[in-house]
Amino acid sequence: MDPIFSKQFWSQSEAKDVGYFQKLILLSLVISGIISILRFADWWFREEHLGNLALFVILSVTLWYGMLRLIIIWINYLGIKKPEFKEAPKGLSVAIFTTSSPGEPLSMFEKTLEACSKITYPHTTYLLDDTQDYRFREVAEKYGAVWLELVGLPGAKAGKINAALQQTKEEFILVLDPDHVPFPNFLDQTLGFFSDSEVGFVQVSQGYYNQYRSFTAQAAAEQTYTFYGPTQMGMHGYNCTVAIGANCTFRRKALESIGGHGIGLAEDLVTSIRIHAEGWKSIYHPVIVARGLVPEDFGSFCKQQLKWARGVHEVLFDEVPRLFGKLSFWQKLSYFTIGTYYLEGLVSLIYLLIPFLFFWMDLLPAKMYFVEFLEFGFPVLFFSTVIYFYVQQWLCFPKDESGLHWRGMVMKFACWPVYLMGFLLSLVNKKIPYIPTAKQSVRGKISPFAKPLLIQVVIYLITVVYLIYTRKYNLNELELIETAEITYGMMAFATIPFLMALMGLYAVWESSRLNPESPWQKIPKSS
């Protein structure tokens, strides 16, 4: 049976409550993990480990950048908190904004606007339309929504939202992406939190209904599960929840205090940092009360990631320095951590190059025994894995979301060229257009984003042949023995990303053969 036909799949689900005993165990795991990192650091920074000085510095900065991020993630988990639910008061004026753009499928709006009409809390739904297609107006009116034609405005989605703010008066605004199908009780789960007059926005989780369509879709969904569970719950505990582009309910006064919804490739992040800078509180309610779409094909996923990578760096370089003094300590740390996430592209490139610099140029950044590296590095990996699985008890839909999330890891690695491109474009301040993520799979030629993976695979295979030839014909028995450990250790480090690249190329191949569908047509009528 297709999972999306399950009644449970289309019912509200939420993260479990946070207990004192569970947090105590988490604290002990985090302390143990930090001790393992300190032990690893004590071993790493030994004089006898120094190889090529420049490469050792580069490798160390790269490695300990990752370790620092890991510690910050663990500390964020320690702040895990679930807000005390509050019933939605009667009589609030509420608007739902959803936008339409040229090229988006009309049938998708049929499903979304129909679902909006079934939301039980009194509200007005607005379709912010720039398609210049009369059928969108007909669909809006069919389901009782107000159609606003907003054509040619700068700022893409955010521009339309700001224009709609000028034409409406509702006190609270739910921004809903058109590919998300809300449940009838959506607003009942958010409006009660606004009884605190200092709350600027309430964000809920995102769930998906098309992740079963492909390897890419499953990977894209897996990358979000922990974020929308324990990560955002931890950020909520430190009052640094970030608004996401969908499923976020704003107080109008909060948006007006920052001059309207933020504009940019990461407009949601721009909006949340500005609202926090104005002193508003944020709420993260870990509940799934809508389900939407993730990209189904490799090319669409990479385009989305490029847009996010470029947009997040805009926030890091522009918004964080400008608003730094108005943010709390945890908000500063949070936005800086988010802003540097896509440095993963540069980090991955450095890790990829290290083995090949050794094989082809005999450059060695560090002189370490591989067995010792495993001895001191394995505890860090062990506690990282244990903590990762432990916090999954706070996922929003554990039945579907628990696991190793290996596809998400594969796709994260496969996108290292995309992340790197986003970072480099930011350094030269090169703008890219705001392109809505494809709502259906795009079948066709092999994505150009696959080329770096192909090059990586070819270089690896050439290197393997070169090593076999060299060790068989150019080295004597003593040299073979003396170089065995370092050679096979480096080969292990080169082989792991090689296998990841192969799996990434599988996603590329699958995407080229994927038949486009309209997944919203499969949603049960009762949903």
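The line from CD of E84 to NE2 of H285 is 11.5 Å long, rounded to the nearest 0.5 Å. In this structure, C415 SG and Q223 CD are separated by 7.0 Å, a value rounded to the nearest 0.5 Å. Here the NE2-CG distance, from H313 to L265, works out to 12.5 Å after rounding to the nearest 0.5 Å. Distance CG/L174 to CZ/F201: 14.0 Å, rounded to 0.5 Å.
The two residues D130 and S101 come nearest to each other via the heavy atoms OD1-CA, 3.2 Å. The shortest non-hydrogen separation linking H261 to A158 is ND1-CB, 3.7 Å. Here the closest heavy-atom approach between residue Q12 and residue V289 is recorded as CG-CG1, 4.1 Å. In terms of heavy-atom proximity, S334 sits nearest to C240 at CB-SG, 3.7 Å. Nearest heavy-atom pair, A221 versus Y208, reported as atom, atom and distance to 0.1 Å: CB-CD1, 4.0 Å.
Proximity of the aromatic rings of F136 and F109 is defined here by a centroid distance below 6.0 angstrom, and this criterion is met. Taking the six-membered ring for Trp, W394 and Y77 have ring centres at least 6.0 Å apart.
Using the six-membered ring where Trp is involved, W10 and Y209 have ring planes that are tilted, between 30° and 60° apart. Taking the six-membered ring for Trp and thresholds of 30 and 60 degrees, F423 and F317 have ring planes inclined between 30 and 60 degrees apart. Ring pair F172/F194 is tilted by interplanar angle, where 30° to 60° counts as tilted. Note on ring orientation: taking the six-membered ring where Trp is involved, the planes of Y506 and W509 are tilted (angle from 30° to 60°).
Qualifying side-chain hydrogen bond (donor to acceptor under 3.5 Å, both in side chains) partners for T112, counting only residues two or more places apart in sequence or in other chains: none. Scored by the side-chain hydrogen bond (donor to acceptor under 3.5 Å, both in side chains) test, W280 finds S257 as partners (sequence neighbours excluded).
Annotation: cation-pi pair R291/F9 present, NZ/CZ under 6.0 Å from the ring centroid and within 45° of its normal.
Taking 4.5 Å as the limit, every side-chain heavy atom of M411 sits out of range of all side-chain heavy atoms of E222. Residues S402 and L395 meet the side-chain proximity criterion, which asks for heavy atoms closer than 4.5 Å. Between P286 and Q232 there is no side-chain heavy-atom pair separated by less than 4.5 Å.
The side-chain contact (heavy atoms from CB on, under 4.5 Å) test with T190 singles out one residue from V204, N247, I283, and that residue is V204.
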Trace of the side-chain hydrogen bond (donor to acceptor under 3.5 Å, both in side chains) decision for S100 with D129
CA-CA 5 Å; S100 54; D129 180 35; 2.6 Å; yes

Assess the residue pair Q167 and L150 against the criterion (side chain to side chain contact (heavy atoms under 4.5 Å, CB included)); give the C-alpha distance rounded to whole Å, side-chain angles, the decisive distance to 0.1 Å, and a yes or no.
CA-CA 11 Å; Q167 300 181 39; L150 303 170; 3.5 Å; yes

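Using a 3.5 Å distance cut-off with no hydrogens or angles, the side chains of Q22 and Y390 do not pair a donor with an acceptor.
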